[in-house]
Amino acid sequence: MNDCRTVRVLPDVPAIDKTFDYLVPGNLGGQVRVGSVVRVELHGRRVGGRVVADGVEPPPGLNLLPLAKVTGWGPPPELIELASWAAWRWAGRPASFLGTATADRAVTRLPTAAARPPEASVPGLPEVQAAARDAVGSVTGGGVATLRLPPTVDMLPVVVEGAARGDTLVLAPSVVAAKHLGMRLRRAGLPTAILPNDWPLARAGCSVVVGARAAAWAPVRDLSTVFVLDEHDEAYQEERSPTWHARDVAIERAARAGAGCVLVSPAPTLEALGAGRLFTTSRGFERSGWPVIDVVDMRHEDPAKGLLTDRVTSALRSGARVVCVLNRKGRSRLLACATCRELARCERCESSVTQDDAGLFVCMRCGQTRPAVCEKCGSTKFKNLRVGVSRLREELEALAETSVVDVTGERSAGDGDARVYVGTEAVLHHLRHADVVAYLDFDQELLAPRYRAAEQALSLLVRGARLVGGRETSSSSARSMGGRLLVQTRLPQHEVVQAALLGDAARVAAAENERRTALGFPPVTAMAAVSGAAAEAFIDSFGAPLGVEVLGPSDGMWLLRAPDHRTLCDALAAAARPPGRLRVEVDPRRI
DNA sequence: CGGACAAGCTGA
DNA sequence: CAGCTTGTCCGG
């Protein structure tokens with residue numbers, strides 16, 4: 001039976017982290033290669049799996065079974081290796097990454113590879129094209145470049161610049177954005193596979209492959225350049241464990257393939273700035289791509305008017321399309337008795353309560369509900385110390401004298417033709433255009449107790465900027481308040497506000513780098529959060545590996561900190577996993 | 001993961 | 001001690 005090869009298979013079963021060897025039946029030989037999706041008999045049942053090595057020498061004394069079935073095409077060999085790396089880097093299992101690297105349906109045959117086009121070009125601003133040429137050119141044959149472009153610049157010419165040099169992988173923050181970009185690339189004459197649908201085309205070979213986060217794992221035949229568009233977008237990080245980040249996968253993948261990686265963003269993260277050389281356009285050009293920012297200094301506003309300052313009121317009454325942003329759901333997040341001024345709190349856990357649409361108090365922490373009665377004086381009248389989106393909608397409606405649509409994460413009002421919207425940041429995702437975006441309580445973003453608060457706040461302004469357009473491109477309407485961001489804050493000198501005001505994102509990076517260095521937060525260090533029922537047992541057996549600091553617990557969560565990922569991830573890989581629920585989040589987002 | 005098998009608990 | 005639950009191990 002020498003014509004029978006032996007292949008190594010990694011079962012697609014979450015709890016199995018081990019490979020098993022199988023014989024390839026002669027008649028299936030041509031269909032089986034590294035990456036192939038197969039079905040195998042394991043312990044008396046059939047499970048799916050992927051071939052991770054071909055032509056292996058099985059351990060002696062084993063009676064090997066043949067593959068039960070070849071399901072179809074899977075990822076190419078370099079992605080199998082990348083999956084092993086990612087499993088180390090984010091303390092996960094290779095199988096979970098291989099799942100992301102495989103089409104969601106069985107692919108039994110590939111289409112014919114698309115031919116390379118003669119030459120494609122799209123019109124772009126000379127400033128942008130020059131910067132793109134410099135950035136892309138600097139990474140021919142490998143390396144990372146970060147390209148900072150103002151928020152309202154079209155990134156299509158940047159991608160076309162890369163596509164002219166060879167096969168290109170393009171990542172966009174959402175499936176919708178990827179699809180939109182993909183269609184435009186096709187219209188520009190470039191053979192483009194749009195993931196996840198066109199996985200077979202990408203596997204066959206296609207000049208450009210475009211997709212969202214998961215496309216970091218898309219097959220690309222002769223990878224020359226990888227683009228990560230809007231690198232600052234948090235959608236690039238997987239929320240479920242393993243919490244991998246598409247930017248970091250893109251960087252590693254490009255390095256292994258000898259390809260260039262270009263991170264494009266109006267507000268690159270510190271991670272991006274640390275990864276490679278920075279390319280920008282001129283100061284004047286960059287500034288012109290940010291909208292006019294009206295900073296409302298809340299320290300000088302009438303407190304009786306609350307969030308609805310005169311500037312907001314006049315924008316509402318100007319007839320312009322106004323989007324108000326307030327990251328607080330519900331009617332109210334903080335209430336006090338109108339009579340005795342006692343704060344309304346949960347009777348069980350003492351956390352502050354909010355009021356639901358029926359008027360009942362609901363605890364945000366434990367979910368306990370009770371009638372809206374003051375525990376101290378029995379009064380039933382309460383004052384809103386902090387209004388939420390639902391309540392604000394009613395107030396705005398009265399002010400604007402038009403109907404106001406509210407949008408929060410769980411409830412989208414759809415892109416109707418209303419003139420005034422209010423919502424959490426979700427409202428910025430649901431709409432495409434506005435004349436004014438008003439951040440009613442921007443301090444809530446600036447002062448959020450998360451280490452990435454400043455970057456996240458700037459990212460919120462980027463989204464708003466795209467709805468209203470840059471100062472050069474803003475709508476030419478004669479309205480007095482068109483194409484503006486209204487930022488209400490008590491911290492007008494904060495670098496995030498100043499960065500948007502001056503169109504200079506570098507200010508945030510500089511301040512942020514100083515802060516993270518002082519506090520030992522990533523990317524100056526590498527961190528992991530450990531939580532779940534088995535966390536304590538894990539930490540106990542984890543001990544104190546050289547170079548790794550164990551912090552906590554707080555709220556049942558421990559933090560591990562090391563000088564770099566090598567130290568952190570090596571220690572995690574060496575640690576024994578106790579039975580039970582354990583969540584290890586490398587590069588935790590919310591700490 | 002899920003089956004196999006071994007070691008513990010219960011009940012008449 | 002059968003009969004059942006709970007735990008640990010292992011798969012080609």
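The chains referred to below are lettered A, B, ... by the order of the sequence lines, with proteins before strands, and numbering in each begins at 1. What you see below is based on every heavy atom in this structure, not just the backbone, and it leaves out hydrogens, waters and symmetry mates.
One interatomic measurement links the two molecules: CG of A:Asp12 to P of B:dG2, which rounds to 13 Å at whole-angstrom precision. If you take NZ of A:Lys18 and P of C:dC9, they are 13 Å apart, rounded to a whole angstrom. Rounded to whole Å, the distance from CD on A:Glu41 to P on B:dG3 is 13 Å. The separation between A:Leu64 atom CG and C:dG12 atom P is 10 Å, rounded to whole Å. At whole-Å resolution of the value, CZ in A:Arg577 and C1' in C:dC9 are 19 Å apart. Rounded to an integer number of Å, the gap from CZ of A:Arg581 to P of B:dC1 is 11 Å. Regarding A:Arg45, its CZ atom lies at a distance of 7 Å from the P atom of B:dG3, rounded to whole Å. Protein atom CZ of A:Phe20 is 11 Å distant from nucleotide atom P of C:dC10, rounded to whole Å.
Taking 4.5 Å as the limit, every side-chain heavy atom of A:Trp73 sits out of range of all side-chain heavy atoms of A:Pro200. Annotation: side chain of A:Asp230 is in contact with side chain of A:Met155 (closest heavy-atom distance under 4.5 Å).
Closest non-hydrogen pair, A:Pro522 versus A:Tyr451, comes out as O-CE1, 3.6 Å.
Salt bridge annotation for A:Asp248-A:Arg253: absent, with no cationic side-chain nitrogen under 4.0 angstrom from a carboxylate oxygen.
Here A:Pro58 lies out of heavy-atom contact (under 4.0 Å) with every strand. Counting non-hydrogen atoms under 4.0 angstrom, A:Leu65 reaches the backbone sugars and phosphates but no base.
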